[in-house]
S.K.: 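Before I ask anything, here is the structure I am working with.
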Amino acid sequence: FFSGFGAVPDALGCRMSDLRITEAFLYMDYLCFRALCCKGPPPARPEYDLVCIGLTGSGKTSLLSKLCSESAENVVSTTGFSIKAVPFQNAILNVKELGGADNIRKYWSRYYQGSQGVIFVLDSASSEDDLETARNELHSALQHPQLCTLPFLILANHQDKPAARSVQEVKK
């Protein structure tokens with residue numbers, strides 16, 4: 001590129017040979033390439049394993065779909081379990097969502113091992129009977145040996161419905 005120019009003065013007025021100019025441009029190209037393309041893989045984000053439980057229809061699947069930027073339309077209740085990786089800027093949550101039907105809840109404890117936290121989703125607009133069932137399931141999970149020391153997030157879902165209970169009512 002500069003071969004026709006012979007020696008070119010550098011910033012201090014010294015003359016640089018064609019070879020030094022070529023080396024300087026190669027080094028600048030290398031630095032630009034590193035800056036734009038080769039920063040290497042992003043640093044590993046820590047991963048946490050969570051379990052997501054709640055009665056059928058409480059909104060577990062919809063919640064996880066939203067967190068994963070998936071469409072929440074045509075959501076079908078989970079029968080059995082599903083696992084979703086929920087990416088955040090500084091961590092990844094591997095969430096094991098467990099179906100909430102009566103015949104599945106008795107198997108929840110088989111999926112608790114290795115969990116580092118619990119999300120309990122509650123339909124705040126549910127009937128009194130369903131709310132009582134949810135309370136019993138929550139208390140059972142809180143007392144389970146594999147979960148009793150873990151952080152719990154209790155999410156009172158469906159707050160947009162007219163029959164939704166307030167946070168204070170849910171706390172009771």
S.K.: Is there a donor-acceptor contact under 3.5 Å from the side chain of Lys96 to the main chain of Phe81?
M.R.: no
S.K.: Taking a hydrophobic cluster as the set of Ile, Leu, Val, Met, Phe, Trp and Tyr residues connected by side-chain heavy atoms closer than 4.5 Å, whether directly or through intermediates, do Val86 and Leu155 fall within one such cluster?
M.R.: yes
S.K.: Which atom pair, heavy atoms only, marks the closest approach of Ser127 to Arg165?
M.R.: C-NH2, 3.9 Å
S.K.: Less than 4.0 angstrom from a charged side-chain N to a carboxylate O is my criterion; do Glu137 and Lys106 meet it?
M.R.: no
S.K.: Establish whether Val170 and Leu153 are linked, either directly or via other cluster members, by ILVMFWY side-chain heavy-atom contacts under 4.5 Å.
M.R.: no
S.K.: Are side-chain heavy atoms of Arg135 and His139 found at a separation under 4.5 Å?
M.R.: yes
S.K.: Please tell me whether Leu138 and Leu63 are part of a single hydrophobic cluster in this structure, the criterion being side-chain heavy atoms less than 4.5 Å apart.
M.R.: no
S.K.: Ser124 pairs by side chain to side chain donor-acceptor pair (under 3.5 Å) with which of His158, Gln159, Glu169?
M.R.: Gln159
S.K.: Any chance you could measure Asp130, atom CG, to Leu55, atom CG, to the nearest 0.5 Å?
M.R.: 6.0 Å
S.K.: Could you measure the distance from the CG atom of Leu142 to the CG atom of Leu147? Nearest 0.5 Å is fine.
M.R.: 8.5 Å
S.K.: When the ring planes of His144 and Tyr112 are compared, do they come out parallel, tilted or perpendicular, using 30° and 60° as the limits?
M.R.: perpendicular
S.K.: I want to check something: taking the side chain as every heavy atom from C-beta on, are Leu98 and Val51 in contact at a cut-off of under 4.5 Å?
M.R.: yes
S.K.: Give, for atom CD of Glu97 and atom CD1 of Ile83, the distance between the pair rounded to the nearest 0.5 Å.
M.R.: 10.5 Å
S.K.: Phe120 and Phe152: aromatic ring centres closer than 6.0 Å?
M.R.: no
S.K.: Side chain to side chain contact (heavy atoms under 4.5 Å, CB included) with Ser115: which of Asp49, Leu150, Leu50?
M.R.: Leu150
S.K.: Which atoms form the tightest heavy-atom contact between Gly99 and Ile104, and what is the distance?
M.R.: O-CG2, 3.5 Å
S.K.: With rounding to the nearest 0.5 angstrom, report the CG to CG distance, Leu67 to Leu93.
M.R.: 8.5 Å
S.K.: What is the minimum heavy-atom distance between Ala91 and Tyr48, and which atoms define it?
M.R.: CB-CE1, 3.8 Å
S.K.: In the single-linkage hydrophobic clustering (I, L, V, M, F, W, Y; side-chain heavy atoms under 4.5 Å), do Leu64 and Val121 co-cluster?
M.R.: yes
S.K.: To the nearest 0.5 Å, tell me how far Thr56 OG1 sits from Asn103 CG.
M.R.: 8.0 Å
S.K.: Checking Ser140 side chain against Asn136 main chain: does a donor-acceptor pair fall under 3.5 Å?
M.R.: no
S.K.: Under a 4.5 Å side-chain heavy-atom rule over Ile, Leu, Val, Met, Phe, Trp and Tyr, are Phe88 and Ile119 clustered together?
M.R.: yes
S.K.: Where the side chain of Ser58 meets the backbone of Asp123, is there a donor-acceptor pair that is under 3.5 Å apart?
M.R.: no
S.K.: Quick one: pull up CG in Asn94 and CD1 in Ile92 and give me the separation to the nearest 0.5 Å.
M.R.: 7.0 Å
